[in-house]
Chemist: 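This is the structure, below, for whatever I ask next.
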Amino acid sequence: MSEHGPLSLHVPEPEGRPGDKPDFGDVVIPAAGTVARPPVDVPPEEIRELAYTIIRVLNRHGEAVGPWAGLLPDGDALQGLRDMMKVRAFDARMLTAQRQGKTSFYMQCLGEEAIACAFQKALSPGDMNFPTYRQQGLLIAGGYPLVAMMNQIFSNEADPLTGRQLPVMYSARSHGFFSISGNLGTQYVQAVGWAMASAIKGDTRIAAGWIGDGATAESDFHAALVFASTYRAPVVLNIVNNQWAISTFQGIARGGAGTFAARGHGFGIPALRVDGNDYLAVHAVARWAIERARRNLGPTLVEYVTYRVAAHSTSDDPSAYRPKEESDAWPLGDPVERLKNYLIGRGVWSQDRHAQYAAEVESEVLAAQKEAERHGTLHSGGKPSMRAMFEGVYKEMPPHLVRQRRKAGV
Amino acid sequence: MSEHGPLSLHVPEPEGRPGDKPDFGDVVIPAAGTVARPPVDVPPEEIRELAYTIIRVLNRHGEAVGPWAGLLPDGDALQGLRDMMKVRAFDARMLTAQRQGKTSFYMQCLGEEAIACAFQKALSPGDMNFPTYRQQGLLIAGGYPLVAMMNQIFSNEADPLTGRQLPVMYSARSHGFFSISGNLGTQYVQAVGWAMASAIKGDTRIAAGWIGDGATAESDFHAALVFASTYRAPVVLNIVNNQWAISTFQGIARGGAGTFAARGHGFGIPALRVDGNDYLAVHAVARWAIERARRNLGPTLVEYVTYRVAAHSTSDDPSAYRPKEESDAWPLGDPVERLKNYLIGRGVWSQDRHAQYAAEVESEVLAAQKEAERHGTLHSGGKPSMRAMFEGVYKEMPPHLVRQRRKAGV
Amino acid sequence: MARMSMIEAIRDAMTVAMTRDPGVVVFGEDVGYFGGVFRCTQGLQQKFGASRCFDTPISESGIVGTAIGMAAYGLRPCVEIQFADYVYPAYDQIVSEAARLRYRSNGDFTAPLTIRMPTGGGIFGGQTHSQSPEALFTHVAGLKTVVPSNPYDAKGLLIAAIEDDDPIIFLEPKRLYNGPFDGWHDRPVTPWSKHPLGEVPEGHFTVPLGKAIVRRPGAAVTVLAYGTMVHVAIAAAEATGIDAEVIDLRTLLPLDLETIEASVRRTGRCVVVHEATLTSGFGAELVALIQETCFYVLEAPIGRVAGWDTPYPHAQEWDYFPGPGRVGDALREAMAG
Amino acid sequence: MARMSMIEAIRDAMTVAMTRDPGVVVFGEDVGYFGGVFRCTQGLQQKFGASRCFDTPISESGIVGTAIGMAAYGLRPCVEIQFADYVYPAYDQIVSEAARLRYRSNGDFTAPLTIRMPTGGGIFGGQTHSQSPEALFTHVAGLKTVVPSNPYDAKGLLIAAIEDDDPIIFLEPKRLYNGPFDGWHDRPVTPWSKHPLGEVPEGHFTVPLGKAIVRRPGAAVTVLAYGTMVHVAIAAAEATGIDAEVIDLRTLLPLDLETIEASVRRTGRCVVVHEATLTSGFGAELVALIQETCFYVLEAPIGRVAGWDTPYPHAQEWDYFPGPGRVGDALREAMAG
Ligand SMILES: Cc1ncc(C[n+]2csc(CCOP(=O)(O)OP(=O)(O)O)c2C)c(N)n1
Ligand SMILES: Cc1ncc(C[n+]2csc(CCOP(=O)(O)OP(=O)(O)O)c2C)c(N)n1
Ligand SMILES: [Mg+2]
Ligand SMILES: [Mg+2]
């Protein structure tokens, strides 16, 4: 027997479970504007503290403050608000459509809209995102047609992916949006490979990897950091920490590390932590990281601190594992409200215009849905062909698939 | 075109290649005795600098200095010297045996003997190592019979593994030595699981994982750190940085991180870097880390800075990829010489006794080899049975294997 | 006896095993507090504490890797992979480590662990929630592979698996969790509570690994199936009126060749059905074995009905799924051959 | 024409491909400066620079994962896995990603990459340097699997693979690197320089994927083999004096069923040989296909000779290896059947 007594297993638990009063007292939120903005060629070891704080621009009064503020013209910020509102309206409609049986599955990004929308605007044409299923904002802010997204969600006859993929697993090379994999983490290292290819070719395009807090535990996260670090790949490695991975709170994936951003330190990769519900902060940090990549200074790890307001997916019911009021208690607020208040404060927006645009975007989404539904929904109307099921496995259909297709009578 | 011009790929290169003059000028070696020794319950974030330095005890004059010194009685240090000499003699004989065709393959740990030998002595009975192929020192310092090791190497009729395993892939539960896997990295996370099991059972035993600098790039390294961090597993995670992974210098696996120990920081795991050629330093750090685990304080990451003096294995020829004189230029010296000088300085050892023991250990190894060879070597003499090939795939042989064995006529 | 769905039966098996043996531990993604996305582990953490049933980071290799370490220590981990489609990150640990540990260490260390995972399609889960990877395990020496088709077997086989001293891949056809789906996707599914195989003994019992069972006796043709396809095969026999003998393999490896051979020797005809892609599927092994052992009694080529050699599509799920229509065709072909 | 060993032929194929297409990049563990542990990439870094041929961290999933990203970008990576036994950490990237990228994105993104790896035993490499995992790839829709048996094919197939627009698993039988090993392990091996198939065209040429070739014509029985086993099969035919037709499959998927069928229709008998473990090996698929297409002409059960269903042992290598003795027995059995 050891002089120190028996060992025991530590199993981390979240602050609150259903029935508990939500408590984010442990989440240290620095005041907006208090974190320095280093030059992009700063040596990583000089900015380690940026992985343990939160870069914030919008304060409680809706003002943009500090060294990361003042970088976005009002017009762009207005566009950002509209993008986020469109994403939210889109999500709401598609959620309803799923409930109505028009598709099998849907995933919202409620509360996290600022991240993808603002990041997309910091990219240049030709750059490539390797998104997860919760970055619909990249497509919508990037101007990808809502109808095409809906066709995919409905798996209808106009689905660009011919019904092969689960709803929301879009692919849009033209819009810098890599084909989403349902497998967590795999695309993170592919983003690094894409960026390495760009460097090998002497190109100027950069890549962005996306991963959730939970999925950082996957092995490919490590592979991505190892390769990015070794070859100084021009890639921005984004971690969306929305506090939950289905029913599992972020402490299970994070373990004893203070933050997910800290993971970068083991690789000499500069790591920044940013308020993911602050459009201006996200955009400013994204620009910083993208500039580093573009200037061949290598990868940057960015952790977006946010909260998954909705259920994980339409197959999930969060009331079984977290307090119902937790999302209200979330201290970083609502990204749409915060940007709206900022713009109203700037005098370029108003409650009325907001309500008006909300109605407009609602009809835009509705119109898109009508158009999409003309091509069918999962269980009614136009369908992708059964032939399409056999195609595209290889560039040319090999004999065994020709035999099988024939056997299937198509 | 980007305003910043074309990207390019960074491919790290070692300081020297064959024909170059070896140069370790970049390796910063702090003087012995200069690194503080914190209490074992120190919060990890307070000792981050220990991942960027080198804990050393033996100075250039063969004296043990500083806060990590004075922990090992002379008798134990003498035993350490003998253990290392035995490992070295064993390696030399087995290398020759392989060259003579008595086995197919061998791997030395020349220059790295201090690490496994000293670590083993800091463990308690019942603890479990999950070694790589270069920790023969754990077995030898742990008193495992040389003959049994040789029987395994010769795949002879007395081979405890009945000829099934590649030479040096020992297994010795009785001696706290987990079955070696030829697959890199896999056993690192298993060590964490073993340690978790001990904690689940309220046991007092702890585990030690072992990995090479090169293999830290493997995905399972990440899994190990994630699980160890989350569940505060009582495990010591050892990284043997011997500068090379076959022909690949450590900079390829390490990338932009200053050290391998730094990997721990992303997980809130305390990380120490130690002079791997300094028996006393290794032992002191091992004790520290093992005590942490035993006191249920969780995992520790330890990087041993050392140099792989010999070829990777008998299948390798390092003169094709590194300067021949590189090993002589290695600034941390020879672990055997250093401990010998220390003990001579202490007045408990002498050149004569050293020479005498060298001769003794030589005959001990030779005698063991003779005994082993009585049971055969790979291509002559006693062989493990062909029946053994069919056994042990499952606890009980299933019908299909019974059929196959019958077909094979055994 | 109690009435159980397959989910309840699986949960009950773990409860029984954990109660009898304090070395049984259960973990995986979302299996702790929440009780698993299919709720198979619901209540286990409350009952046995967080040290014996807990949530893990999303790392399948970590789940299996730590389980191997625990098994080597002496525990009996029963871990969940959230969907069989996500087992690949753990494939190295399974194939290179769990499967070979006993052999390579000559029994010095063993890996008695059970790896549960929902398998198969039929729920519009698309290519990452529908796969049937059993053949990727049956090729690996050292593993046992089990696929139950009903609550009774699920409980008995899972207890047997957890108590077994070798590593076991335990594939749970998710389309059967709530009822015996027969492939007529446009007809309502009877819940297990209305099916005789939803009658499950309380407490401890086992269904031995390596034993198949005749689910539907018949004289005209032997159908080999497992999991969901057992019910599809029975439905196809009924629909075609062909006097098919349907054998539920239950364990793919070790395989109960004796039961198979006895049946094919009587019928002289055979059809093999699985949901996994055709090429190099487990059906190929079954065909190879039968043609070897029953060559001189076979009156027609052995037919294979399987998933097409494409990823599992979303919209075309029912074109992909080997339903009673396709199995019926194969039965008719086998009879005509 | 030049005389080349298989190593030289493989190296030459990469040189040709890299010269013709600047998008071809080569990387893997120890492949850069050193040129690979089997020296297949020797000189490529010097010739094409470190951006196009480089050492990687020891991370098979990283190697394949980055290669997929590069392929999606528009390059044509040709990566090396040091031994096929170490491909499993990359299995998820291969199976879930490379294999399905074209399908799931409807051609929006593709993964034209070649994954080379030494395969098979016969070098006393034990269980981690001897495996033949081809069946784990042939089961996966979207992959092509290639196994050359000589320098000529190795070069022609590798160039074809690199130029192909789909992901390719390229298995190099390491026992053939230096000479046509026929399984008589106690006899000297002729080097490729003395073998007609060591005559390899200089510059660019391809051997088309998906085409088998008759290596030894015969009338009595068809032997299907690939890689090392082609030479073993020929040796067995010679040793037994049985007039066997030996077909070298070259590509396992897509399979050249036409050539196989034509032969079996003539001979009426068939033996399938591979080094991988028997159960669920690729031989099972071959048997299943042949019994389906040639059922009525078969005069004896199709025999399978394969690795035993155990891990690959070290000392018992020649008991494990399916040598000419065991293949000869199977030929006799097939003739007697
Ligand atoms: C390899 C793999 N394992 C498990 C899953 C199942 N799964 C889907 S989403 C999810 C949670 C992911 O959480 P996180 O990474 O935090 O992203 P979020 O959903 O919060 O955006 C899990 C476990 C999967 N898709 N892939
Ligand atoms: C998964 C896997 N990939 C590749 C190899 C081949 N391999 C064997 S040892 C080695 C180098 C390991 O280097 P390092 O981890 O630094 O350990 P060292 O040999 O220096 O002790 C490689 C690449 C392997 N054994 N397993
Ligand atoms: Mg999350
Ligand atoms: Mg090394």
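Both backbone and side-chain heavy atoms feed into the values below; hydrogens, waters and symmetry mates do not. Below, read A as the first sequence line, B as the second, and so on, with proteins coming before strands; counting in each chain starts at 1.
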Chemist: Counting heavy-atom pairs under 4.5 Å to chain A, which of B:Ala217, B:Pro299, B:Gly298, B:Gly258 comes out on top?
Modeler: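 Ranked by heavy-atom pairs under 4.5 Å with chain A, first place is B:Ala217.
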Chemist: Give the member of A:Ala271, A:Gly126, A:Gly268, A:Gly256 that has the highest number of heavy-atom pairs under 4.5 Å with chain B.
Modeler: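 Going by pairs under 4.5 Å, I would pick A:Gly256.
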Chemist: If every non-hydrogen atom of A:Arg263 is compared with every non-hydrogen atom of A:Arg254, which pair is closest and at what distance?
Modeler: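 Minimum heavy-atom separation between A:Arg263 and A:Arg254: NH1-O, 3.5 Å.
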Chemist: Under 4.5 Å heavy-atom distance to chain B, tell me which part of A:Ala293 shows up: side chain, backbone, both or neither.
Modeler: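 Contact with chain B: backbone only.
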Chemist: Could you tell me the separation between the CZ atom of A:Arg294 and the NE2 atom of B:His4, rounded to the nearest 0.5 Å?
Modeler: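 Going from the CZ atom of A:Arg294 to the NE2 atom of B:His4 covers 7.5 Å.
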Chemist: Taking C-beta and beyond as the side chain, do B:Arg37 and B:Leu71 meet within less than 4.5 Å on heavy atoms?
Modeler: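 When only atoms from C-beta onward are counted, B:Leu71 and B:Arg37 do touch, with a gap below 4.5 Å.
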Chemist: Would you mind checking which part of B:Arg205 comes under 4.5 Å of any heavy atom in chain A, side chain (CB onward), backbone (N, CA, C, O), both or neither?
Modeler: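 The backbone, not the side chain.
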Chemist: Side chain, backbone, both or neither: which part of A:Ala195 has a heavy atom under 4.5 Å from chain B?
Modeler: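 Neither part.
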Chemist: By a 4.5 Å heavy-atom criterion (distance strictly below it), what part of B:Ala253 contacts chain A: side chain, backbone, both, or neither?
Modeler: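 It is the backbone, since no side chain atom gets that close.
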Chemist: Tell me if the centroids of the rings in B:Trp210 and B:Tyr188 come within less than 6.0 Å of each other.
Modeler: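 Centroid separation for B:Trp210 and B:Tyr188: 6.0 Å or greater.
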Chemist: Is it the case that the side chains of B:Thr306 and B:Asn241 hold a donor-acceptor pair, with the cut-off being a distance below 3.5 Å and no angle test?
Modeler: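 Their side chains do not contain a donor-acceptor pair, so the 3.5 Å distance test is not met.
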Chemist: Measure distances from A:Tyr52 to the heavy atoms of chain B and classify the residue's part below 4.5 Å as side chain, backbone, both or neither.
Modeler: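 When you check distances to chain B, only side chain atoms of A:Tyr52 fall under 4.5 Å.
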Chemist: Is it the side chain or the backbone of A:Glu218 that comes within 4.5 Å of chain B heavy atoms, both, or neither?
Modeler: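 The backbone, not the side chain.
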Chemist: With side chains defined as the heavy atoms from C-beta onward, is the minimum distance between B:Pro270 and B:Val42 less than 4.5 Å?
Modeler: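 Result no, sub-4.5 Å side-chain heavy-atom pair not found.
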Chemist: Would a 4.5 Å heavy-atom cut-off, applied to side chains only, mark B:Leu225 and B:Leu237 as touching?
Modeler: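 Of all side-chain heavy-atom pairs linking B:Leu237 with B:Leu225, at least one is under 4.5 Å.
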Chemist: I'd like to know which of A:Asp203, A:Val11, A:Ile252, A:Ile206 tops the heavy-atom pair count under 4.5 Å against chain B.
Modeler: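 It is A:Asp203.
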Chemist: What residue in B:Lys201, B:Glu45, B:Arg48 has the most heavy-atom pairs under 4.5 Å with chain A?
Modeler: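 Of B:Lys201, B:Glu45, B:Arg48, B:Arg48 has the most heavy-atom pairs under 4.5 Å with chain A.
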Chemist: Does any heavy atom of chain B fall under 4.5 Å from the side chain of A:Phe221, the backbone, both, or neither of them?
Modeler: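 For A:Phe221, the contact with chain B is made by the side chain alone.
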Chemist: Quick check on B:Ser124 against chain A: is it the side chain, the backbone, both or neither that has a heavy atom closer than 4.5 Å?
Modeler: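 Nothing of B:Ser124, per the 4.5 Å heavy-atom cut-off to chain A.
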Chemist: Calculate, to the nearest 0.5 Å, the distance between atoms CD1 and CD belonging to B:Ile211 and B:Gln187 respectively.
Modeler: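 Atom-to-atom, B:Ile211:CD1 and B:Gln187:CD are 6.0 Å apart.
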